Enquirer: 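Below: one structure in structure tokens.
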2 protein chains.
Amino acid sequence: MSGAAETSELYELIRLIRPVHRRLARAVEAKLVGTGISVGMRAVMEVLDEAGATSVPDIGRALFLARQQIQLLVNDLEKLGLIGRHPNPAHKRSPLFALTDSGRTQFGEIRAGEDADIALVSKRFSSAEVAAAQQVVCALLDHFAEFEDDPNRPRGLE
Amino acid sequence: MSGAAETSELYELIRLIRPVHRRLARAVEAKLVGTGISVGMRAVMEVLDEAGATSVPDIGRALFLARQQIQLLVNDLEKLGLIGRHPNPAHKRSPLFALTDSGRTQFGEIRAGEDADIALVSKRFSSAEVAAAQQVVCALLDHFAEFEDDPNRPRGLE
DNA sequence: CTCATAATGACAATAATATTGTCATTATGA
DNA sequence: TCATAATGACAATATTATTGTCATTATGAG
């Protein structure tokens, strides 16, 4: 095993984050043209597909976004019939939202199209390389949470 | 060496990109408070620090941003005296911009502060791990360029 | 050299995303 | 019971990014 990485190596990785974020967003957007689904709406569908019925604030926490932002996306998704609301046993005013059959079908098609592209890249790398990338990026996410004034974080004593 | 990565592994990495981008931007921003320098202006300074005197369109290409965006940032940086213009032998109307002494000093201080944070993360990983991460993310950047309608790309025949 | 084409600065408008604020209502927990 | 936190709803704003236009200057093909 080689020694600790140089700071400059990680810095070069960080410099790639903004451009790659823009390009991924564009790629996702390109596959959504004509569906009436935005990138944000797709992100909410992703959470619901993975976690099942979820409240608006919890979706926000999963996506590191403010609940106000999520509320708008959820409203749009409900209008399109892609998600539906269900009683929340834990909170009378805050319903749970889950994908409808239509929503699940459409999201599956979207994901299948995306995976076709992702597979082209993933096959060029070993499992270990992708895993390392994920761990490093995840560490960045954790470390730089210190500057986050997350409006959704559960408030303890303060 | 293990075999090719699963698509799902790379997908999980991709899901981290947006949140980590936001957090890194916030972290950068936090260190710029009080300097009058924005994240965008800092990005331009980074290009000039690395590449030396550069024209506005070339800065845009380096950052994958439209020249119109760069022009605004460059105007602001010039007003602050952080960059200065120099004649461009290759183009009469398009001057080259370079960091002034003041700009170079300030950028150096900014980078030093950033590196202190980055070092805390980089020391947790091997050089090979960070290199793998960089290669994977770079491959994503390359691959998803297909959806890019880059307004700055040099036009060939079309 | 001439001329069509591309690049550039400048200005403008818009869109998309993200952030912040507020308030009435409902839950939660001490 | 009561102070505190969470939530939906509505609103405003900020930031970033994108797109459009036009006059001027370069560039390169012929």
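Naming: A, B, ... by sequence-line order, numbering from 1 per chain. Values below: all heavy atoms of this structure, side chains included; hydrogens, waters and symmetry mates excluded. The structure displayed is predicted, hence computed values, not measured ones.
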Enquirer: Give a yes or no on whether the backbone of B:V136 and the side-chain of A:R124 come within a donor-acceptor separation of less than 3.5 Å.
Expert: no
Enquirer: In whole Å, what is the span from the CD1 atom of B:I70 to the P atom of D:dA17?
Expert: 9 Å
Enquirer: Mind running side-chain hydrogen bond (donor to acceptor under 3.5 Å, both in side chains) on A:S127 and B:E6 for me, showing each step along the way?
Expert: CA-CA 7 Å; A:S127 191; B:E6 298 289 333; over 6 Å; no
Enquirer: Distance check needed: D:dC22 P versus B:R67 CZ, whole Å only.
Expert: 14 Å
Enquirer: Return the 5'-most residue of the pair A:G40, A:H91 with respect to DNA chain C, ranking by each residue's nearest nucleotide.
Expert: A:G40
Enquirer: Rounded to the Å, how far apart are A:F64 CZ and C:dT19 C1'?
Expert: 17 Å
Enquirer: Map every base of DNA chain C to its dot-bracket character, where paired means a Watson-Crick or G-U wobble contact with both distances under 3.5 Å and | marks a partner outside the strand.
Expert: ||||||||||||||||||||||||||||||
Enquirer: Nearest nucleotide by nearest heavy atom, which residue falls closer to the 5' end of DNA chain C, B:L72 or B:D58?
Expert: B:D58
Enquirer: In whole Å, what is the span from the CD atom of B:Q68 to the P atom of C:dA10?
Expert: 12 Å
Enquirer: Taking for each residue the nucleotide of DNA chain D bearing the nearest heavy atom, is the 5' side occupied by A:N75 or by B:P89?
Expert: A:N75
Enquirer: Could you state the atom-to-atom distance from CD of A:Q71 to P of D:dA6 in whole Å?
Expert: 16 Å
Enquirer: Does the A:D58 side chain pair with the main chain of A:T54, one donor and one acceptor, at a distance under 3.5 Å?
Expert: no
Enquirer: What integer distance in Å separates B:E78:CD from C:dG9:P?
Expert: 12 Å
Enquirer: Among the candidates D:dG8, C:dT8, C:dA18, find the nucleotide nearest to the side-chain atoms of A:S94.
Expert: D:dG8
Enquirer: Under the ring-ring contact (aromatic ring centres under 6.0 Å, His included) definition, can you give me all pairs with a residue in residues 13-59 of chain A, not counting sequence neighbours?
Expert: A:H21-B:H21
Enquirer: Considering only heavy atoms from C-beta outward, does the side chain of B:S94 approach that of B:P57 to under 4.5 Å?
Expert: yes
Enquirer: Side-chain N or O of A:R22 versus OP1/OP2 of D:dT18: is the shortest distance under 4.0 Å?
Expert: yes
Enquirer: To the nearest angstrom, how far is A:E29 atom CD from D:dA17 atom P?
Expert: 14 Å
Enquirer: If you only use heavy atoms from C-beta on, which nucleotide in D:dA17, C:dT17, D:dG8 is closest to the side chain of A:P57?
Expert: D:dG8
Enquirer: Answer yes or no: does a side-chain N or O of A:R61 lie under 4.0 Å from OP1 or OP2 of D:dT7?
Expert: yes
Enquirer: Spell out, yes or no, whether A:I17 and B:L140 are grouped together once hydrophobic residues are joined by side-chain heavy atoms under 4.5 Å, including indirect joins.
Expert: yes
Enquirer: Taking the side chain as everything from C-beta on, heavy atoms only, tell me whether B:K31 gets closer than 4.5 Å to B:I110.
Expert: no
Enquirer: What integer distance in Å separates B:R93:CZ from D:dC22:C1'?
Expert: 10 Å
